[in-house]
Amino acid sequence: MSYLSDSTYGKDNVKFLKVKKDPRNPKIHEVMEATVRVLLTGAFDESYTEADNSSIVPTDTVKNTILVEAKKFDIWPIENFAAHLAKHFINKYSWVSAVDVSIHQHRWTRISRENGASKTYDHSFLKDGDELRLSTLQYSRNGTFKLSSGVKDLTVLKSTGSMFYGYNECDYTTLKPTKDRILSTDVDATWVWDSKKLGSINNINTLAKHGVFDDAFEAARKVTLDLFATENSPSVQNTMYKMAQKILDLVPDLENVTYSLPNKHYFLFDFSFQGLENDNELFYPSPHPNGLIKCTVARTPKSKL
Ligand SMILES: O=c1[nH]c(=O)c2[nH]c(=O)[nH]c2[nH]1
(Lines give C-alpha, C1' and ligand atoms only; values in the text may rest on other atoms or scores of the structure.)
Protein backbone atom coordinates (compact mmCIF):
# COMPACT_ATOMS: atom_id res chain seq x y z
CA MET A 1 0.00 0.00 0.00
CA SER A 2 1.11 3.55 -0.62
CA TYR A 3 -0.29 7.03 -0.16
CA LEU A 4 0.46 10.58 -1.23
CA SER A 5 2.56 11.84 1.66
CA ASP A 6 3.38 15.30 0.32
CA SER A 7 2.77 17.51 -2.68
CA THR A 8 3.08 21.06 -3.94
CA TYR A 9 2.99 22.67 -7.36
CA GLY A 10 3.04 26.01 -9.13
CA LYS A 11 5.03 28.05 -11.64
CA ASP A 12 8.78 28.62 -11.54
CA ASN A 13 10.95 31.02 -13.54
CA VAL A 14 8.25 33.61 -14.19
CA LYS A 15 10.26 36.59 -15.40
CA PHE A 16 9.28 40.22 -15.89
CA LEU A 17 10.71 43.69 -16.05
CA LYS A 18 8.59 46.46 -14.55
CA VAL A 19 9.09 50.16 -15.22
CA LYS A 20 7.87 52.54 -12.51
CA LYS A 21 7.43 56.13 -13.71
CA ASP A 22 7.69 59.08 -11.37
CA PRO A 23 4.20 60.69 -11.40
CA ARG A 24 5.81 64.18 -11.31
CA ASN A 25 8.18 63.42 -14.19
CA PRO A 26 7.29 60.36 -16.28
CA LYS A 27 10.79 60.28 -17.81
CA ILE A 28 12.30 59.40 -14.41
CA HIS A 29 12.09 55.64 -14.05
CA GLU A 30 12.84 52.80 -11.69
CA VAL A 31 13.08 49.27 -13.06
CA MET A 32 12.66 45.88 -11.48
CA GLU A 33 13.64 42.72 -13.33
CA ALA A 34 12.57 39.71 -11.34
CA THR A 35 12.25 35.94 -11.48
CA VAL A 36 9.36 34.57 -9.42
CA ARG A 37 8.27 31.16 -8.21
CA VAL A 38 4.91 30.47 -6.57
CA LEU A 39 4.07 27.02 -5.20
CA LEU A 40 0.66 26.09 -3.80
CA THR A 41 -0.17 23.49 -1.16
CA GLY A 42 -3.69 22.44 -0.21
CA ALA A 43 -6.56 20.09 -1.03
CA PHE A 44 -5.12 18.92 -4.33
CA ASP A 45 -4.71 15.24 -3.44
CA GLU A 46 -7.37 13.97 -5.82
CA SER A 47 -5.58 15.46 -8.80
CA TYR A 48 -2.69 13.11 -8.01
CA THR A 49 -4.60 10.06 -6.77
CA GLU A 50 -7.88 10.11 -8.78
CA ALA A 51 -6.97 12.10 -11.89
CA ASP A 52 -9.59 14.63 -10.79
CA ASN A 53 -8.31 18.01 -12.02
CA SER A 54 -11.18 20.09 -10.65
CA SER A 55 -9.15 21.54 -7.79
CA ILE A 56 -6.14 22.45 -9.91
CA VAL A 57 -5.48 26.15 -10.38
CA PRO A 58 -3.42 25.71 -13.57
CA THR A 59 0.22 26.72 -13.31
CA ASP A 60 -0.54 28.93 -16.32
CA THR A 61 -3.05 30.83 -14.17
CA VAL A 62 -0.39 31.14 -11.46
CA LYS A 63 1.93 32.70 -14.06
CA ASN A 64 -0.78 35.11 -15.26
CA THR A 65 -1.51 36.10 -11.67
CA ILE A 66 2.14 36.96 -11.00
CA LEU A 67 2.25 39.16 -14.12
CA VAL A 68 -1.14 40.84 -13.54
CA GLU A 69 -0.33 41.62 -9.90
CA ALA A 70 3.15 42.85 -10.88
CA LYS A 71 1.40 45.29 -13.26
CA LYS A 72 -1.26 46.44 -10.76
CA PHE A 73 0.70 46.53 -7.50
CA ASP A 74 3.63 48.65 -6.31
CA ILE A 75 6.04 45.73 -6.13
CA TRP A 76 8.93 47.52 -4.37
CA PRO A 77 10.53 46.01 -2.31
CA ILE A 78 10.31 42.32 -3.21
CA GLU A 79 9.36 41.34 0.36
CA ASN A 80 6.20 43.43 -0.11
CA PHE A 81 5.38 41.79 -3.45
CA ALA A 82 5.94 38.33 -1.93
CA ALA A 83 3.42 39.13 0.85
CA HIS A 84 0.93 40.54 -1.69
CA LEU A 85 1.11 37.41 -3.85
CA ALA A 86 0.88 35.02 -0.90
CA LYS A 87 -2.24 36.77 0.44
CA HIS A 88 -3.81 36.82 -3.04
CA PHE A 89 -3.64 33.03 -3.45
CA ILE A 90 -4.85 32.33 0.11
CA ASN A 91 -7.78 34.76 -0.23
CA LYS A 92 -8.85 33.70 -3.72
CA TYR A 93 -8.76 29.90 -3.49
CA SER A 94 -10.35 28.55 -0.30
CA TRP A 95 -8.73 25.11 -0.73
CA VAL A 96 -5.18 26.49 -0.83
CA SER A 97 -3.72 26.02 2.64
CA ALA A 98 -0.21 27.39 2.13
CA VAL A 99 1.75 29.40 -0.42
CA ASP A 100 5.48 29.45 -0.99
CA VAL A 101 6.78 32.51 -2.86
CA SER A 102 10.35 33.07 -3.98
CA ILE A 103 11.50 36.23 -5.77
CA HIS A 104 14.92 36.95 -7.23
CA GLN A 105 15.57 40.55 -8.24
CA HIS A 106 18.32 41.26 -10.77
CA ARG A 107 20.65 44.11 -9.92
CA TRP A 108 20.07 47.10 -12.18
CA THR A 109 21.61 50.26 -10.71
CA ARG A 110 21.37 53.79 -12.10
CA ILE A 111 24.26 54.93 -14.30
CA SER A 112 26.07 57.83 -12.61
CA ARG A 113 26.64 61.00 -14.56
CA GLU A 114 29.75 63.15 -14.50
CA ASN A 115 27.95 66.49 -14.24
CA GLY A 116 24.44 67.79 -13.87
CA ALA A 117 21.89 68.58 -11.19
CA SER A 118 21.10 64.92 -10.53
CA LYS A 119 23.91 62.46 -9.78
CA THR A 120 22.43 59.69 -11.95
CA TYR A 121 20.69 59.38 -15.29
CA ASP A 122 16.89 59.23 -15.17
CA HIS A 123 16.22 56.04 -17.10
CA SER A 124 19.56 54.34 -17.86
CA PHE A 125 20.78 51.43 -15.81
CA LEU A 126 23.88 49.30 -15.35
CA LYS A 127 23.96 45.61 -14.52
CA ASP A 128 27.28 44.88 -12.88
CA GLY A 129 27.50 41.15 -12.41
CA ASP A 130 25.07 38.37 -11.69
CA GLU A 131 24.14 39.52 -8.20
CA LEU A 132 20.58 38.89 -7.07
CA ARG A 133 18.51 40.23 -4.21
CA LEU A 134 16.10 37.60 -2.99
CA SER A 135 13.13 37.04 -0.76
CA THR A 136 11.20 33.91 0.13
CA LEU A 137 7.92 33.75 2.00
CA GLN A 138 6.01 30.74 3.28
CA TYR A 139 2.50 31.70 4.33
CA SER A 140 -0.19 29.41 5.78
CA ARG A 141 -3.93 30.00 5.97
CA ASN A 142 -3.69 29.92 9.78
CA GLY A 143 -1.62 33.14 9.61
CA THR A 144 1.83 31.70 10.33
CA PHE A 145 4.57 32.90 8.02
CA LYS A 146 8.31 32.72 7.51
CA LEU A 147 9.95 35.57 5.61
CA SER A 148 13.56 35.60 4.55
CA SER A 149 15.67 37.97 2.45
CA GLY A 150 19.11 37.70 1.01
CA VAL A 151 21.78 38.34 -1.54
CA LYS A 152 23.15 35.75 -3.96
CA ASP A 153 26.01 35.53 -6.45
CA LEU A 154 27.80 38.61 -5.14
CA THR A 155 31.25 37.69 -6.45
CA VAL A 156 34.26 39.07 -4.57
CA LEU A 157 38.00 38.49 -4.53
CA LYS A 158 40.86 39.79 -2.39
CA SER A 159 44.45 39.38 -3.52
CA THR A 160 45.94 39.43 -0.01
CA GLY A 161 44.65 39.69 3.58
CA SER A 162 43.60 36.06 3.85
CA MET A 163 45.33 33.25 5.74
CA PHE A 164 44.75 29.59 6.43
CA TYR A 165 46.95 27.71 8.88
CA GLY A 166 46.71 25.70 12.09
CA TYR A 167 44.26 23.20 10.63
CA ASN A 168 44.28 19.48 11.37
CA GLU A 169 47.13 17.72 9.58
CA CYS A 170 47.15 13.97 9.07
CA ASP A 171 48.43 11.39 6.59
CA TYR A 172 45.85 12.60 4.04
CA THR A 173 46.98 16.25 4.18
CA THR A 174 48.91 17.87 1.34
CA LEU A 175 47.70 21.50 1.75
CA LYS A 176 50.45 23.92 2.83
CA PRO A 177 49.63 26.47 5.52
CA THR A 178 49.63 30.07 4.33
CA LYS A 179 49.56 33.58 5.81
CA ASP A 180 48.90 35.18 2.45
CA ARG A 181 46.53 33.79 -0.12
CA ILE A 182 43.81 34.84 -2.52
CA LEU A 183 40.28 34.61 -1.20
CA SER A 184 37.35 34.57 -3.60
CA THR A 185 33.72 33.58 -3.27
CA ASP A 186 30.18 34.06 -4.60
CA VAL A 187 28.37 35.35 -1.53
CA ASP A 188 25.07 33.68 -0.77
CA ALA A 189 23.63 35.17 2.43
CA THR A 190 20.10 34.78 3.76
CA TRP A 191 18.53 36.45 6.76
CA VAL A 192 15.33 35.17 8.37
CA TRP A 193 12.96 37.73 9.86
CA ASP A 194 11.55 37.12 13.33
CA SER A 195 7.83 36.57 12.65
CA LYS A 196 6.94 37.53 16.23
CA LYS A 197 8.66 40.88 15.85
CA LEU A 198 7.06 41.56 12.46
CA GLY A 199 3.64 40.67 13.91
CA SER A 200 1.40 39.61 11.04
CA ILE A 201 1.97 39.28 7.30
CA ASN A 202 -0.20 42.41 6.95
CA ASN A 203 2.52 44.49 8.64
CA ILE A 204 5.01 43.71 5.86
CA ASN A 205 3.49 46.48 3.71
CA THR A 206 3.93 49.14 6.43
CA LEU A 207 7.46 47.97 7.26
CA ALA A 208 8.31 48.04 3.56
CA LYS A 209 7.07 51.65 3.30
CA HIS A 210 9.34 52.55 6.24
CA GLY A 211 12.33 51.10 4.37
CA VAL A 212 12.93 48.25 6.82
CA PHE A 213 13.72 45.65 4.12
CA ASP A 214 15.77 47.98 1.91
CA ASP A 215 17.79 49.18 4.91
CA ALA A 216 18.47 45.60 6.04
CA PHE A 217 19.58 44.62 2.54
CA GLU A 218 21.96 47.58 2.26
CA ALA A 219 23.33 46.92 5.79
CA ALA A 220 23.91 43.20 5.13
CA ARG A 221 25.55 43.87 1.78
CA LYS A 222 27.78 46.58 3.23
CA VAL A 223 28.81 44.44 6.24
CA THR A 224 29.67 41.58 3.90
CA LEU A 225 31.78 43.74 1.59
CA ASP A 226 33.43 45.82 4.36
CA LEU A 227 34.45 42.83 6.48
CA PHE A 228 35.61 40.93 3.43
CA ALA A 229 37.77 43.87 2.35
CA THR A 230 39.18 44.98 5.70
CA GLU A 231 39.72 41.84 7.75
CA ASN A 232 42.89 39.75 7.66
CA SER A 233 40.82 36.58 7.35
CA PRO A 234 41.98 33.53 9.36
CA SER A 235 39.50 31.28 7.50
CA VAL A 236 36.26 31.46 5.55
CA GLN A 237 34.55 29.96 8.60
CA ASN A 238 35.59 32.75 10.98
CA THR A 239 34.98 35.57 8.51
CA MET A 240 31.45 34.46 7.65
CA TYR A 241 30.65 34.04 11.35
CA LYS A 242 31.74 37.63 12.05
CA MET A 243 29.69 38.93 9.12
CA ALA A 244 26.56 37.17 10.36
CA GLN A 245 27.09 38.41 13.94
CA LYS A 246 27.42 42.00 12.76
CA ILE A 247 24.25 41.80 10.67
CA LEU A 248 22.32 40.48 13.68
CA ASP A 249 23.67 43.41 15.72
CA LEU A 250 22.55 45.94 13.12
CA VAL A 251 19.10 44.55 12.29
CA PRO A 252 17.14 43.77 15.46
CA ASP A 253 14.15 42.18 13.68
CA LEU A 254 16.22 39.27 12.34
CA GLU A 255 16.13 35.81 13.87
CA ASN A 256 19.19 34.36 12.13
CA VAL A 257 21.64 34.82 9.27
CA THR A 258 22.98 32.05 7.03
CA TYR A 259 26.01 32.24 4.76
CA SER A 260 26.89 29.68 2.13
CA LEU A 261 30.28 30.43 0.59
CA PRO A 262 32.17 28.50 -2.05
CA ASN A 263 35.92 28.84 -1.58
CA LYS A 264 36.97 29.54 -5.18
CA HIS A 265 40.57 28.47 -5.11
CA TYR A 266 43.32 30.24 -7.04
CA PHE A 267 46.58 28.30 -7.08
CA LEU A 268 50.02 29.84 -7.26
CA PHE A 269 51.74 28.68 -10.44
CA ASP A 270 55.12 27.04 -9.84
CA PHE A 271 57.66 28.76 -12.10
CA SER A 272 60.70 26.96 -10.63
CA PHE A 273 61.18 25.13 -13.95
CA GLN A 274 62.04 28.59 -15.36
CA GLY A 275 64.07 29.60 -12.28
CA LEU A 276 61.46 32.32 -11.63
CA GLU A 277 60.08 33.37 -8.24
CA ASN A 278 56.33 33.80 -7.81
CA ASP A 279 55.65 36.29 -5.01
CA ASN A 280 51.86 35.83 -5.07
CA GLU A 281 51.64 37.42 -8.50
CA LEU A 282 50.52 34.76 -10.95
CA PHE A 283 47.74 32.33 -10.06
CA TYR A 284 45.52 30.05 -12.01
CA PRO A 285 41.87 29.52 -11.08
CA SER A 286 41.04 25.98 -10.06
CA PRO A 287 37.97 24.92 -12.05
CA HIS A 288 37.04 22.25 -9.50
CA PRO A 289 36.67 21.09 -6.85
CA ASN A 290 35.84 24.06 -4.62
CA GLY A 291 35.37 24.30 -0.87
CA LEU A 292 31.81 24.96 0.30
CA ILE A 293 31.35 26.40 3.75
CA LYS A 294 28.02 27.15 5.40
CA CYS A 295 26.91 28.50 8.76
CA THR A 296 23.83 29.89 10.43
CA VAL A 297 24.19 32.35 13.30
CA ALA A 298 21.13 32.86 15.49
CA ARG A 299 20.38 35.02 18.51
CA THR A 300 21.06 33.29 21.81
CA PRO A 301 17.69 32.40 23.37
CA LYS A 302 16.86 34.46 26.49
CA SER A 303 16.90 31.21 28.54
CA LYS A 304 20.60 30.74 27.71
CA LEU A 305 21.70 34.30 28.54
O1 LIG B 1 39.11 29.08 4.85
C2 LIG B 1 39.28 27.87 4.61
N3 LIG B 1 38.54 26.93 5.27
C4 LIG B 1 38.67 25.59 5.05
O5 LIG B 1 37.97 24.76 5.69
C6 LIG B 1 39.60 25.20 4.07
N7 LIG B 1 39.99 23.97 3.62
C8 LIG B 1 40.95 24.18 2.67
O9 LIG B 1 41.51 23.29 2.00
N10 LIG B 1 41.18 25.52 2.51
C11 LIG B 1 40.36 26.17 3.40
N12 LIG B 1 40.17 27.48 3.66
Side-chain angles (χ1 to χ4, degrees), residues 104 107 128-134 136 148-192 216-251 254-301 304:
H104 287 181
R107 187 174 173 86
D128 45 356
D130 296 329
E131 182 185 341
L132 298 167
R133 174 172 168 173
L134 54 97
T136 62
S148 69
S149 308
V151 63
K152 200 170 153 36
D153 293 338
L154 170 62
T155 302
V156 286
L157 178 147
K158 66 195 298 188
S159 46
T160 187
S162 167
M163 310 178 281
F164 190 58
Y165 62 90
Y167 46 82
N168 179 78
E169 292 193 49
C170 65
D171 49 344
Y172 284 77
T173 309
T174 54
L175 185 72
K176 298 275 172 285
T178 178
K179 295 200 172 169
D180 189 2
R181 66 173 181 174
I182 284 192
L183 185 60
S184 180
T185 190
D186 304 322
V187 176
D188 180 347
T190 312
W191 40 101
V192 176
F217 179 80
E218 292 308 331
R221 190 174 184 278
K222 191 166 182 331
V223 163
T224 303
L225 294 177
D226 280 353
L227 263 169
F228 181 81
T230 55
E231 205 213 13
N232 191 14
S233 168
S235 64
V236 173
Q237 282 87 337
N238 184 249
T239 297
M240 75 206 302
Y241 178 71
K242 284 187 190 139
M243 289 171 176
Q245 270 189 319
K246 184 104 193 264
I247 295 170
L248 286 176
D249 285 349
L250 291 174
V251 190
L254 298 184
E255 195 173 297
N256 64 56
V257 178
T258 296
Y259 275 89
S260 171
L261 301 181
N263 191 1
K264 298 171 78 178
H265 307 298
Y266 284 80
F267 294 132
L268 204 59
F269 191 74
D270 181 359
F271 286 109
S272 57
F273 71 102
Q274 284 264 330
L276 283 174
E277 271 192 35
N278 191 355
D279 184 18
N280 277 4
E281 286 167 313
L282 205 290
F283 297 79
Y284 65 98
S286 158
H288 46 243
N290 61 271
L292 180 61
I293 300 165
K294 301 183 182 204
C295 82
T296 298
V297 182
R299 288 184 199 287
T300 311
K304 290 200 178 163

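Both counts, for ligands and for their atoms, begin at 1 and track the order of listing. Count residues from 1 along the sequence.
- Between the side chain of Thr239 and the main chain of Val236, no donor-acceptor pair closer than 3.5 Å is present.
- Atom 11 (C) of ligand 1 has Phe164 CE2, 3.3 Å as its closest protein atom, hydrogens excluded (heavy atom only).
- Within the 4.0 Å heavy-atom criterion, neither part of Met163 lies near ligand 1.
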(request) Check the pair Lys152 / Arg133 against side-chain contact (heavy atoms from CB on, under 4.5 Å), numbers first and verdict last. (result) CA-CA 6 Å; Lys152 200 170 153 36; Arg133 174 172 168 173; over 6 Å; no

(request) Assess whether side-chain contact (heavy atoms from CB on, under 4.5 Å) is satisfied between Ile182 and Leu157, documenting all intermediate values. (result) CA-CA 7 Å; Ile182 284 192; Leu157 178 147; 4.1 Å; yes

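- Centroid-to-centroid, the aromatic rings of Phe269 and Phe267 stay 6.0 Å apart or farther.
- The local environment of OH in Tyr172 is sparse, with at most 12 non-hydrogen atoms from other residues, nucleotides or ligands closer than 6.0 Å.
- Listed by number with element, the atoms of ligand 1 under 4.0 Å from a non-hydrogen atom of Val236 are 1 (O), 2 (C).
- Atom 12 (N) of ligand 1 has its closest protein heavy atom at Arg181 NH1, 3.0 Å.
- In this structure, the protein non-hydrogen atom closest to atom 3 (N) of ligand 1 is Gln237 OE1, 2.9 Å.
- In the displayed structure, Tyr241 atom OH is contacted under 6.0 Å by at most 12 heavy atoms of other residues, nucleotides or ligands.
- For Leu183, the closest heavy-atom approach to ligand 1 does not fall below 4.0 Å.
- Under 4.0 Å from ligand 1, the heavy atoms of Leu175 that appear belong solely to its side chain.
- For the pair Lys294 and Tyr259, the cation-pi criterion (under 6.0 Å, within 45° of the ring axis) is not fulfilled.
- Using a 4.0 Å cut-off to heavy atoms of Ser235, the atoms of ligand 1 that qualify are 1 (O).
- Every heavy atom of Met240 sits 4.0 Å or more from the atoms of ligand 1.
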